[in-house]
Amino acid sequence: MAGPAPTYSAIIAHTAAFLAELVADPLLRRHLLSAAAASDGAGRQQQHPAATLQALSLVSDALDTAASASPSPSSLRAAERLLQSLPTATPLSCLLLALACAARRRGGAPAAAAVLDLFALDPALARHELAPAAFEALFAPRLLPVMRHFAARRASAAAAAAAAAAGNGDEDSRSDEATALSAMRVLSMMSGAQAQEMRALEREYEMVLDANCRAYALYLRKILEAGEASTVSSPPHPPELVFGVGADEDDRGDDEDAPDNDESASSQNGFRYNPMWAETEEQGDLYPRRQGSVKGRRDLMRPPSLYPQRVPPHLIVQQQQRSPPVGRGSPVSRLRAEHLQSPAAPSDDSMEESSSELGAGKEEKRAASPPSSEPRPAPPRPHADDALLSPDPASSPARGDADPPQPLPTPKDFVCPITSQVFDDPVTLETGQTYERRAIQEWLHRGNATCPITRQRLHGAHLPKTNYVLKRLIAAWRDQSQQHPSTPTPPAAGTMDSPAPPFKTSSPSPDTSASHASAPSPTSVIAQATLETAVGELRAAVSCLCTSEDLAESEKSVLKIDRLWREAGAEQAVLAALARPAVINGFVEILFNSVSAQVLQVAVFLLAELASRDDAVVQTLTRVDSDVDCLVALFKKGLVEAVVLICLLSPTPEQLVEMDMAEALVSTIRRGDEDPLKMCIKPKAASVILLSQVLIEGGTDSSTSPVPRSALLSERFIRSVAASLEAGQVEERLAAMRILLRCIWEDGHCRSSIAEKSSLGAVLDAFHAVGDADKFDIVRFLYELLKLKKRSAAERVLRAIKDGGSFSMMHTLLVHLQSAPPEHSPVVAGLLLQLDLLVEPRKLSMYREEAVDCLIQCLKNADFPRSQLLAAETIMCLPGKFSSSGRPLARSTLLKLARVKERHRQSQDLSVVRADGGEDEMEEEKAASEWERKTAYALVSHEFGLVFEALSECLKSKNAELFTTSLVCATWLVYMLSLLPDTGVLGAARVCLLRQFVIVLRSAKHGSDRVLAMVALRSFMNDREGMHDITTYIKDVLKTLRELKKSSGLAFEMLKLLSDGQESSVDMWNHKEINLVDCSSNGEVTSIVYLKNHIFSGHSDGTLKVWEGSENILRLVHEAQEHTKAITSLSVLHSEEKLYSGSLDRTIRVWQFRDGVLRCVEIHDTRDPVQNLAVANAMACFVPQGAGVKLLSWNGGSKLLNPSKYVRSMALVHGKLFCGCNDSSIQEIDLASGTLGVIQSGNKRILGKANPIYSLQVHDGLLYTGSTPSMDGASVKVWNCANYNLVGSMPSSMEARSLVVSADLIYLGSRNGAVEIWSREKLTRIGTLQAGGPSCRVQCMAVDGDGDVLVVGTSDGRIQAWGLT
């Protein structure tokens, strides 16, 4: 039997699968490259040529970046060319070539050929280290006869050694079912010659495999070279298998190098030396590992070998006794292992010690006992359980000349290192070491403050709680020891001065001494007769189930089988009778046809019990898809017990999603722990496990989730899942935790409910029994629970994490952090840092230093962008302020500091408590502020502000998400420096971040990013040196602050500080001419207004023009000439987005501007020339040719107001008309009541000169009036509209022909073309602009809505625009 003939497609498929795993797994890839680099193809280390090392760098860089982007084809092509140019191939060059080809072409013949070259160069290295999966798929079927041949030779040699060791050469006396422990004893008792023979056999086996691998690799290369044509034409003939090689120089060399004193060396240890157990030294890795990485990671990454491994004897015992590790294999297999394993499982170290002491004691007793002249009878075969826990039966003192029983040693993990006695009250210190409570208390009372073993300083004198997990293990071990009389009961821990009592040897157990008894006990006879009777009835019921065509009889048989199963228990005979495929199919037929709920429940119960004990039953059930579909259908119809059997069948996540069982699983979970049948797994536990897999496979997109969002977020469902966190099976706890984590992702508002209902102790204890991926899920779950709105609730969760587990969680996280991958480290570090800050935040702490250092290193590591982003997000969450959904509020809190949408108001305290909050709200605010200070101090004080350097590098990143998150973190830390005591790191922060903040302030695309940079710069301005450094970038800062001042009160405050408190500074309010257009062909510019980012100008020839008012200012958009005479006034009604024009042609026209076209929609006849115009919703007020003001209703009515005054200017605000008259008087007319109020009385002409009010405008409740300079030298006065009081005046010497007011400035237009700029708040002059020539007048002015653009129209027909720079 040489296996099936290989084909071209099969070779390509198997090698492609192997290489795809390497490309996807960076840790495995680096380990294999390290192993390949340690050998040159002949098992020796060498110096690789430069071309190989350069190719290694190219391939590694290309594949490491493949996680975030596609690998670089040019790098891979260059690596291929380098590798193909090498004169000789090595394992490293072959592996690199295969990876490069696979990454470029997704497999293919070149990649497969490179993999086969590995086996041709160094077969042993290829099949053990580099490509065990390819060896198993391609070579093992062909080499199976060779493996069986050597297995038979090993068995023959072992049998001969066993016969010699037992003193009996009869091979038939040895049972074929000898346990692993007895086989180990046989190997340990080999003589030197026998051990040398076994060693030679192993060397021969390796050489035979090497020879066959090389020949078969060349044969597979020929198939590849023939290509697809080999599948049509006759393929090449495979090479003949080699079953033996002659002795060569290497063998003789090995024999010569072997020590001659094997026997003497072995006698020192108490048992014979076996060369097969010598462990080789591991080669050094090509890639260095972190300090905290454990050796086990490399062992886990090493693929399993197909040939028999040479292992130490203690590993044989461990393999028999150790339960399957949680976190590996299928979830159901792990759950099944937990369900069926012994409650007291000793640790690996204790078993190693046990096996070594067992061998030593055996040799000592053989040496001490006198030789017997009569041969001993062969010992009976021990019980399966006793073979693992009790000594060899041959050592049982059943006869006078037999050896006394050897006691089982105490596991060393159960013994206190101080008292050397079994723990009675164990406590685990923060260093991870466990001691007896009374012993460590006495140690501390003597004045010691360190751990007795590690010598690390202890932070407190209070001992932690009892390690109940270890205490339960010791109790279970003692119970187990009492069940085996040959095993002595371990002593309890006493005082340190009292010696440990000696072990007492008990009588042998009935199982081990049954063959020496004269007659069996009556009890055993009765039990055996009862079992035989039950088996007989069971066979009859099984026969009826399998052969009867009557459904009723078959159903009765199922019920009878259930009764017999419960009475007889899971005996081997019962299992053998029920596990046959015919019986399983009979049960399945019942599931298809029966309608009885009881029968269906019983059938599912029996199938589940059998499947949990025999994998063959699972294979029988999964062979036909319809059987599984039947179980799914029954479960959906309400047979909840069926979910247990579905869980035991271990369907893939894809199959679970296709089964569409989500709603049924949720319903079962909500029912709780109902289990009347007492199944091997509770239905709820199975449902939790399956639902977890369904949710993981379904992804994180809520729209495509297989489970309705409302079902996941129901209070009853969350309560039931949270109860599973305390389940006995670790797998159920992990599954429940993942479901709750998904609920949090679906809707963060349920986070507080989950935190209240979850008991974290069992989850924390599970951390020590799971793999790295499951550990990170636990950390992520705990981290998410901390994102609570109330600080007190978050601190309660932190205390539960810190004190809830049986071990020190902080020490556990620290150990895990040192070996965690980069993408997991930030979250682990964030959780560890928060636990450490829970108490004593100002004292130095090893945990805090490691956590902060990890976050900073992740921020600096640009090779892992995902790790950088996670570190920045972790820092952003450290302030501890979250919304009710768990969203961090650091960004929004910082934006509030800028007082957005608050103009010119004094700084307000953001921590003011709302009036309805009460004392509880005040306490929460206080706790949140205190926590924020703790976290900020821990970050900024580490290594003199090293975090600022890391954040500065992140602010240069092109990753938008990383940039935004890092900006929030940097702004928050800089702001907190102003609240913390002087730590001396403000200068370091300024050096690292000031320039970056200025760049963000000047050129950030998002306004919120610019505001954050402004907040950070404001914090630097508190320091004199910071203010000096900011002035270096004063132009960029001032420009941006002017843009932000209209929406941020902080910007206005900073402008004042930068101008030394004088907002009238010329540099601060510098204007630059933007554009100038000449419209002299249309006469004078009589009026200008802004509407919808457009400028509208009226001209003396009746033309109305529309100009661009935002980007391309004063670019002509449209013009209309419907007025026959000059347009004297333009007015805007912003509520209706309409423009009104008044003209000397005695009309008022209404305009609409849409899609770049100006249209006249209404015409109103005024019967008088319109000199000035003001409009409201239902009426218009205009100044006619004579005295007074005419009130024109849009329905046609008119009325004359204030007929005794000649009005020169006016403004209409909120139903009140303000009039400025030629005699310098100012009146207010209430249009609703008709009442008239006098703000300023008129004056008589002085020397025949009039003093009219040329311009008038209302802004923020103040009335601004412009005229010629009065007796007091003021040309502009400011009045309070409410009480008519004079607020201020502007002592300008020019005549204020035109006036316009913005948010910050007042512009005055004169008759000589000059425009003066005044501060609106201080009423002080800032500067002057010149519009047109000296002979022109400023006719009209307007500013945009933001006050940044000024537009001036002059009498010479020019329109000019200035902007703030």
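Owing to the predicted nature of the structure, the values given are computational and were not obtained by experimental measurement.
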Look at [X] together with [Y] and state whether they make a salt bridge at an N to O cut-off of under 4.0 Å.
| X | Y | value |
| --- | --- | --- |
| Lys1092 | Glu1137 | yes |
| Asp1168 | Arg1146 | no |
| Arg1002 | Asp1036 | yes |
| Arg891 | Asp1009 | yes |
| Asp1101 | Lys1125 | no |
| Asp1356 | Arg1337 | no |

What's the spacing between [X] [atom1] and [Y] [atom2] if we round to 0.5 Å?
| X | Y | atom1 | atom2 | value |
| --- | --- | --- | --- | --- |
| Gln1227 | Ile1229 | CD | CD1 | 7.0 Å |
| Leu1299 | Ile1306 | CG | CD1 | 7.0 Å |
| Ile1163 | His1123 | CD1 | NE2 | 8.0 Å |
| His1094 | His1118 | NE2 | NE2 | 11.5 Å |
| Gln1121 | Thr1103 | CD | OG1 | 3.5 Å |
| Met1054 | Ile1030 | CE | CD1 | 6.0 Å |

Going by atom types alone, do [X] and [Y] pair a side-chain donor with an acceptor below 3.5 Å?
| X | Y | result |
| --- | --- | --- |
| Asn1280 | Asn1285 | no |
| Lys1105 | Asn1082 | yes |
| Gln1330 | Thr1328 | no |
| His1099 | Ser1097 | yes |
| Tyr1284 | Gln1240 | no |
| Ser1141 | Trp1151 | yes |

Can a donor-acceptor pair be found, under 3.5 Å and without considering hydrogens, that links the side chain of [X] to the backbone of [Y]?
| X | Y | answer |
| --- | --- | --- |
| Asn1112 | Arg1115 | no |
| Arg1358 | Gly1353 | no |
| Ser1310 | Ala1314 | yes |
| Asp1155 | Val1157 | no |
| Ser1100 | Glu1084 | yes |
| Asp1344 | Asp1348 | yes |
| Arg1010 | Leu1001 | yes |
| Thr971 | Leu967 | yes |
| Ser1292 | Ser1275 | no |
| Thr1031 | His1028 | yes |

Answer yes if the ring centres of Tyr1307 and His1071 are under 6.0 angstrom apart, and no otherwise.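 They qualify: ring centres under 6.0 Å apart.
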
Less than 4.5 Å apart, side chain to side chain, heavy atoms only: is that true for [X] and [Y]?
| X | Y | answer |
| --- | --- | --- |
| Val1300 | Leu1350 | yes |
| Leu1286 | Val1278 | no |
| Phe1218 | Cys1281 | yes |
| Trp1362 | Leu1329 | yes |
| Val1315 | Met1341 | yes |
| Cys1340 | Thr1354 | no |
| Val1077 | Trp1107 | yes |
| Ile1359 | Val1352 | no |

Passes salt bridge (charged side-chain N to carboxylate O under 4.0 Å, His left out), Arg1149 versus Glu1162? Steps please. CA-CA 6 Å; Arg1149 294 179 180 264; Glu1162 295 179 22; over 6 Å; no

Counterpart residues, side chain to side chain donor-acceptor pair (under 3.5 Å), relative to Thr1268 (two or more places apart):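 Result, side chain to side chain donor-acceptor pair (under 3.5 Å) vs Thr1268: Asn1251.
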
Show the numbers, then the answer: is there a side-chain hydrogen bond (donor to acceptor under 3.5 Å, both in side chains) between Asp1304 and Ser1302? CA-CA 6 Å; Asp1304 305 310; Ser1302 69; 5.7 Å; no

Return a table of donor-acceptor pairs under 3.5 angstrom between the side chains of residues 1192-1201 and protein atoms on other chains or two or more places apart.
unit_1, atom_1, unit_2, atom_2, d
Ser1193, OG, Asn1195, N, 3.4
Ser1193, OG, Asn1195, OD1, 2.7
Trp1194, NE1, Asn1177, O, 3.2
Asn1195, OD1, Gly1197, N, 3.4

Which is it for Phe1096 and Tyr1090 under the ring-ring contact (aromatic ring centres under 6.0 Å, His included) test, yes or no, and what are the steps along the way? CA-CA 6 Å; Phe1096 297 82; Tyr1090 255 95; 9.0 Å; no

I need the full list of salt bridge (charged side-chain N to carboxylate O under 4.0 Å, His left out) pairs touching residues 1309-1318, with sequence neighbours left out, sorted by first then second residue.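 Qualifying pairs, neighbours excluded: Glu1295-Arg1311, Glu1316-Arg1325.
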
Check whether more than 12 heavy atoms from other residues, nucleotides or ligands sit under 6.0 Å from atom OH of Tyr1206, and answer yes or no.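 Open.
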
